[in-house]
Amino acid sequence: MNGVDRRTMLTRSAAVVTGAAVTGALSGPMAAAAPHAPHASGEAGSAAAHAAGTGSVVRPGDPRYDMLTTGNNQRFVARPEYIKMVRSTADAERALRDAVRAGKRVSVRSGGHCFADFAAHSGTQVIIDFSEMTHVGYDPKFRAFVVEAGARLINVYEALYKGWGVTIPGGICYSVGAGGHIAGGGYGLLSRAHGLVVHPTPRTSPLLPHVTARHRTS
């Protein structure tokens, strides 16, 4: 949309990744810290956090509609047939499957900070909104952190540091949604030393297990 080749951008971003997570003081292996995490969770924790499992469908006429059809850059306003709020992986899968089968043009959004029209596009017929998926946790089975797409950076940083004493080299704008930020590269103050947050393939950082972002979105 709008003349931007997102695939090329993501490919170039992935090429400069050096590590996905670093400790707060860059000391001590995660393998030792993880078993003592106060709320390690993974899939089980995420399922508990989203017991309802299914988000709302917001259509024109709903008082929430106008707020959910634009983002920080209010130059761009979408007029979709509906916005699907998602609360679980299964909910997201159903939402996308239903929209694609109906032949709808779909965009996805986590925080709404995108200053282009990737999510709030005039041709969008369905917006899939991940802002209610905010879980941050650690999965001991995969030795990986889980950051859901709707989690805001300030909450991600606080949860990772307070829970496990680690962080990620992401940006400084506290209210950016993790999904679009990480999919777009995730550049921040620590990136010169530790690379971007975006992770093209599962691998382990020399410092810590990798951070994964569910539902990498715009």
Side-chain angles (χ1 to χ4, degrees), residues 10 13-15 17-55 85-97 108 110-111 128-170 176-186 188 190-191 194-217:
L10 294 179
S13 298
V17 172
T18 62
V22 294
T23 61
L26 299 182
S27 61
M30 186 60 209
H36 304 289
H39 41 262
S41 51
E43 290 291 341
S46 181
H50 302 292
T54 303
M85 309 298 296
V86 296
R87 292 184 176 176
S88 66
T89 301
D91 195 20
E93 291 173 349
R94 286 192 299 268
L96 181 59
R97 181 174 59 247
V108 290
S110 56
I128 299 179
D129 189 303
F130 290 88
S131 61
E132 293 187 278
M133 292 191 66
T134 59
H135 175 66
V136 178
Y138 180 76
D139 192 326
K141 178 180 178 181
F142 292 98
R143 296 187 68 245
F145 289 93
V146 176
V147 176
E148 290 187 339
R152 306 284 176 153
L153 290 185
I154 189 171
N155 303 120
V156 174
Y157 296 148
E158 287 187 352
L160 290 176
Y161 183 74
K162 292 177 180 178
W164 298 274
V166 303
T167 190
I168 57 175
V176 168
H181 184 62
I182 293 173
L190 295 175
S191 295
H194 302 289
L196 305 182
V197 182
V198 65
H199 227 299
T201 57
R203 71 175 180 86
T204 301
S205 161
L207 295 174
L208 292 178
H210 63 279
V211 173
T212 61
R214 291 196 186 127
H215 310 304
R216 296 176 177 172
T217 67

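Sequential numbering from 1 along the given sequence is applied to the chain's residues.
In terms of heavy atoms, Gly180 sits closest to Ser110 at N-OG, 3.1 Å. Listed here is the closest heavy atom pair of Phe130 and Ala149: CB-CB, 3.9 Å. For the residue pair Glu148 and Ala178, the shortest heavy atom distance occurs at O-CB, 4.0 Å. Smallest separation of non-hydrogen atoms from Asp139 and Val146: CB-CG2, 4.4 Å. Here the shortest heavy-atom pairing between Val156 and Ala151 reads CG2-CB, 3.6 Å.
Here the CE atom belonging to Met133 is positioned 4.5 Å from the OG1 atom belonging to Thr89, to the nearest 0.5 angstrom. The structure places CG of Leu153 at 5.0 Å from NE2 of His181, a figure rounded to the nearest 0.5 Å. A distance of 5.0 Å separates CD1 in Ile182 from CD1 in Ile168, rounded to the nearest 0.5 Å.
Using a 4.5 Å heavy-atom cutoff, the side chains of Arg143 and Tyr138 are in contact. Two residues are said to be in side-chain contact when any heavy atoms from C-beta on lie closer than 4.5 Å; Leu160 and Thr167 fail this criterion. The shortest side-chain heavy-atom distance between Tyr161 and Val166 does not fall under the 4.5 Å cut-off. Residues Asp129 and Met85 are in side-chain contact: their nearest non-hydrogen atoms beyond the backbone lie under 4.5 Å apart. Looking at Asn155 and Val136, their side chains never come closer than 4.5 Å, going by heavy atoms from C-beta outward.
When atom types are taken as modelled, the side chain of Ser191 and the backbone of Pro169 share a donor-acceptor pair closer than 3.5 angstrom.
Residues that satisfy the side-chain contact (heavy atoms from CB on, under 4.5 Å) test with Asp91, not counting sequence neighbours, are Thr54, Lys84, Val86, Arg87, Ser88, Arg94.
The aromatic rings of Trp164 and Phe145 sit perpendicular to each other, their planes meeting at more than 60°, with 30° as the lower class boundary.
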